[in-house]
There are 4 protein chains.
Amino acid sequence: MVRRILDAGQEVLAEAGYEGASTSRIAAAAGISPGSLYRYFPHKDAIVSAVLTRFSDRLVSRVTARMTGQFEQPAPVLVRATLTALLDGLDVEPPLLRTAVEQGPALDGGRTLLAFEERVGDLVRAYLTTQRGRLRADAPLDTAVWLLVRTVEHMTVRYLLDRPPLDRDEFIDELTHLVLSHLRPGPADPGRP
Amino acid sequence: MVRRILDAGQEVLAEAGYEGASTSRIAAAAGISPGSLYRYFPHKDAIVSAVLTRFSDRLVSRVTARMTGQFEQPAPVLVRATLTALLDGLDVEPPLLRTAVEQGPALDGGRTLLAFEERVGDLVRAYLTTQRGRLRADAPLDTAVWLLVRTVEHMTVRYLLDRPPLDRDEFIDELTHLVLSHLRPGPADPGRP
Amino acid sequence: MVRRILDAGQEVLAEAGYEGASTSRIAAAAGISPGSLYRYFPHKDAIVSAVLTRFSDRLVSRVTARMTGQFEQPAPVLVRATLTALLDGLDVEPPLLRTAVEQGPALDGGRTLLAFEERVGDLVRAYLTTQRGRLRADAPLDTAVWLLVRTVEHMTVRYLLDRPPLDRDEFIDELTHLVLSHLRPGPADPGRP
Amino acid sequence: MVRRILDAGQEVLAEAGYEGASTSRIAAAAGISPGSLYRYFPHKDAIVSAVLTRFSDRLVSRVTARMTGQFEQPAPVLVRATLTALLDGLDVEPPLLRTAVEQGPALDGGRTLLAFEERVGDLVRAYLTTQRGRLRADAPLDTAVWLLVRTVEHMTVRYLLDRPPLDRDEFIDELTHLVLSHLRPGPADPGRP
DNA sequence: AATGAATGAGGGTTCATTCAT
DNA sequence: AATGAATGAACCCTCATTCAT
């Protein structure tokens, strides 16, 4: 039942966006009465929140499932594989992704989104720690993780939502390069005065 | 008059967010009657759109003004200066920035935002074209511009809105490094099979 | 307009009681749209409150108007005249009286009702003070006023609402006697052990 | 079972008032399901009614129990004792009393309340009949009973609910005096023209 | 041009009541 | 007998938009 409501909520959210997702519409999509929603959720936003959380959880599962056992791979291969998995995971239902991206930050102070990013960040940090020797020595780990996680997340989403005239492989090549070249040892010149 | 409405709209949007920005509140802030709004704008969202467009325009002016004549500088210095200018420009009114980021994409299909990014992209592409010799040879220019512009934009905004425990200079260092290392010639290994 | 709403509110309250007085019904009775109510009152209960307050104010005016210049009369005549005025004043619209009595105490913590009783009590106390010599010496003035005002008020209302098989004059005779004999000097025996 | 429901209803009515007494809350307090209420009562108001009736019955029992064998006492002592018993009986659960007084009249056309008053009136009338010789000769018995019963009832309730700055004994003294002086033989002057 | 009162559809939510299990 | 999930009408209230003045 909760599931039916979440499915309905997801459907309506994808079709009509947050503004168009009225409780009566969600109820209708779930084939139940408006009042029944309130047996399972305390208020409308709890439904929306749950839909987005489920979306985020599924994404994380999907990506981590694809990544298990890949940590031995050379960095470029691993990064590519991760990005590909992420892209595939996000591409499941683009209209919902749009709503998630637009309403996520406004919904609960962005807590759902931040939690997601935190989880991903922890994974990445763990991995990078094992690669210490191969990274630029001056890299502030936390900062780099913060930056790269959000960059990759955002750009993947943008690629899917904006549909730029850009081949999927090209996009992944470029994003992979961005990540790797940022971490690779090399001449640093921040241009500070 | 239009200006007074935009000022009022901006004020209310910053104070109360999109949800809290009712037409009557905007009208009151502008010192006019609700009905009068409709002499200047066809509907509420047109006002919001205009506010955000003006915000974007001002940002572009502010940044380009700061950049004029800087093109001769070494790349690292130029990138740093640009990022700094952007960060300063976005930091003028964070509450409005929040609303802009949250509502912008949902508003008119994100047209305002896309236009902004297009304009910045054009500038960047023009500059990079003059630097051809110094860039990685394999760089697909359009793709790199698309990627970097959105990355820089998004990360700057996130830095301002999420207020991570991260020094402003550190942040700019890291973002500068991201940009430069992506463009710099160097070993490429996209990790393709 | 406020008046039209109050008239409508009064009508609906009289016809349907508090439970049946929905905002849409009041609006319909006033010939306006539901939303318009909220231009003049912050919420439904403010309308109900205002209706009852107006009812109470009118009652006080009506009674005091009838009493002006009567203070020279002998006490029995004065009391009779007051009770008669009160009875007439309350009898203007019995269905509304019923709602007022039933909902008054529950509405704003009974503030409207208490205020009414306070005002009447002040008048009575003022009068009795001029009659000191003629009253039982042991009478605790405040207590007697508190008791008599509420008794007279309640019994008058009950007479009108319950319609006992009791002649109007008989009722007034009896209530007058109750009041006068309570105040008159005479043997006191509280029956205390 | 009916008893459990009534207990629960009373508890909820006392705690939350009529508005706050939802059927599900009552059911929960009774430890049963909402649906089961309808096996024992035809609808919600029947429960409330029954709670109030039981309250009234208990009150009558309590008072009559305290009065048995007291009829030989001198009138002042008897009246005092009666008022005291009534006051004590009503003071058992003031929050419930409040609900009873506020909702009673609105509930079933006030039938519960009227029945209560009728019963008490019968007792009083019976007693007064035995006292005929000691009362004012002109007293219309039914009228006096009607008046005094409701007056005493109402003022006792008001004393408990409004908590005026008035000693319990003072209050009883005054109310006793009101009753006795109304019945006592004495000069009558209804102030009729 | 400007007003601002009026609109009215629609919002989220509650809860007495029913009925398949 | 008992359940409790489901109902759905009705609740109060909001606000973008209109239009007579």
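Only a predicted model underlies this, so the values are computations on that prediction, with no experimental measurement involved. Residue numbers begin at 1 in each chain, while the letters A, B, ... track the order of the sequences.
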Would you tell me if any nitrogen or oxygen in the side chain of A/Ser33 comes within less than 4.0 Å of OP1 or OP2 on F/dG8?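 No, no such contact exists.
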Rounding to a whole Å, what distance do you find between [X]:[atom1] and [N]:[atom2]?
X	N	atom1	atom2	answer
A/Phe41	E/dT14	CZ	C1'	18 Å
D/Ile26	F/dG4	CD1	P	17 Å
D/Ile47	E/dC15	CD1	P	15 Å
A/Leu37	E/dG11	CG	C1'	14 Å
A/Ile5	F/dA5	CD1	C1'	11 Å
B/Arg4	E/dA1	CZ	P	15 Å
D/Ile32	F/dA1	CD1	C1'	11 Å
C/Met1	E/dG4	CE	P	17 Å

What pairs with C/Tyr40 under side chain to side chain contact (heavy atoms under 4.5 Å, CB included), at least two apart in sequence or on another chain?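 C/Tyr40: side chain to side chain contact (heavy atoms under 4.5 Å, CB included) contacts with C/Met1, C/Val2, C/Ile5.
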Go through the structure and list residues passing side chain to side chain contact (heavy atoms under 4.5 Å, CB included) with C/Ala46, not counting sequence neighbours.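 With sequence neighbours excluded, C/Ala46 shows a side chain to side chain contact (heavy atoms under 4.5 Å, CB included) to C/Phe41, C/Pro42, C/His43, given in chain and number order.
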Run the salt bridge (charged side-chain N to carboxylate O under 4.0 Å, His left out) test against D/Asp7 and tell me which residues pass, sequence neighbours left out.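 Salt bridge (charged side-chain N to carboxylate O under 4.0 Å, His left out) check on D/Asp7 returns D/Arg3, D/Arg54.
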Checking B/Asp57 now: which residues fulfil salt bridge (charged side-chain N to carboxylate O under 4.0 Å, His left out) with it, not counting sequence neighbours?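 Partners of B/Asp57 under the salt bridge (charged side-chain N to carboxylate O under 4.0 Å, His left out) test: B/Arg119.
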In B/S/- notation, 5' to 3', how is nucleotides 12-21 of chain F contacted by protein heavy atoms closer than 4.0 Å? BBB-BBB---
Using Watson-Crick or G-U wobble pairs with both distances under 3.5 Å, give me DNA chain E in dot-bracket, 5' to 3', with [ ] for crossers and | for pairs to another strand. .||||||||||||||||||||
My understanding is that only residues two or more places apart in sequence, or in another chain, count here; which of them pass side chain to side chain donor-acceptor pair (under 3.5 Å) with [X]?
X	answer
C/Tyr18	C/Asp45
D/Ser49	D/Asp108
B/Ser22	B/Ser24

Side-chain donor-acceptor distances from residues 91-99 of chain D under 3.5 Å, at least two apart:
unit_1: D/Glu93; atom_1: OE1; unit_2: D/Gln10; atom_2: NE2; d: 3.0
unit_1: D/Arg98; atom_1: NH2; unit_2: D/Leu161; atom_2: O; d: 3.3
unit_1: D/Thr99; atom_1: OG1; unit_2: D/Leu13; atom_2: O; d: 3.2
unit_1: D/Thr99; atom_1: OG1; unit_2: D/Pro95; atom_2: O; d: 3.4

Name all pairs fulfilling the salt bridge (Lys or Arg N to Asp or Glu O under 4.0 Å) condition that reach into residues 16-39 of chain C, sequence neighbours left out, sorted by first residue then second.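 Qualifying pairs: C/Glu15-C/Arg25.
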For residues B/Ser56 and B/Thr53, is any side-chain donor paired with an opposing acceptor at under 3.5 Å?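 Looking only at side-chain atoms, B/Thr53 and B/Ser56 do not form any donor-acceptor pair under 3.5 Å.
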Close approaches to DNA chain E from residues 9-16 of chain B, in residue order (heavy atom, under 4.0 Å):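 Under 4.0 Å from DNA chain E: no residue of residues 9-16 of chain B.
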Output the distance between atom CG (B/Leu107) and atom OG1 (B/Thr112), rounded to the nearest 0.5 Å.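 Spacing of CG (B/Leu107) from OG1 (B/Thr112) equals 6.5 Å.
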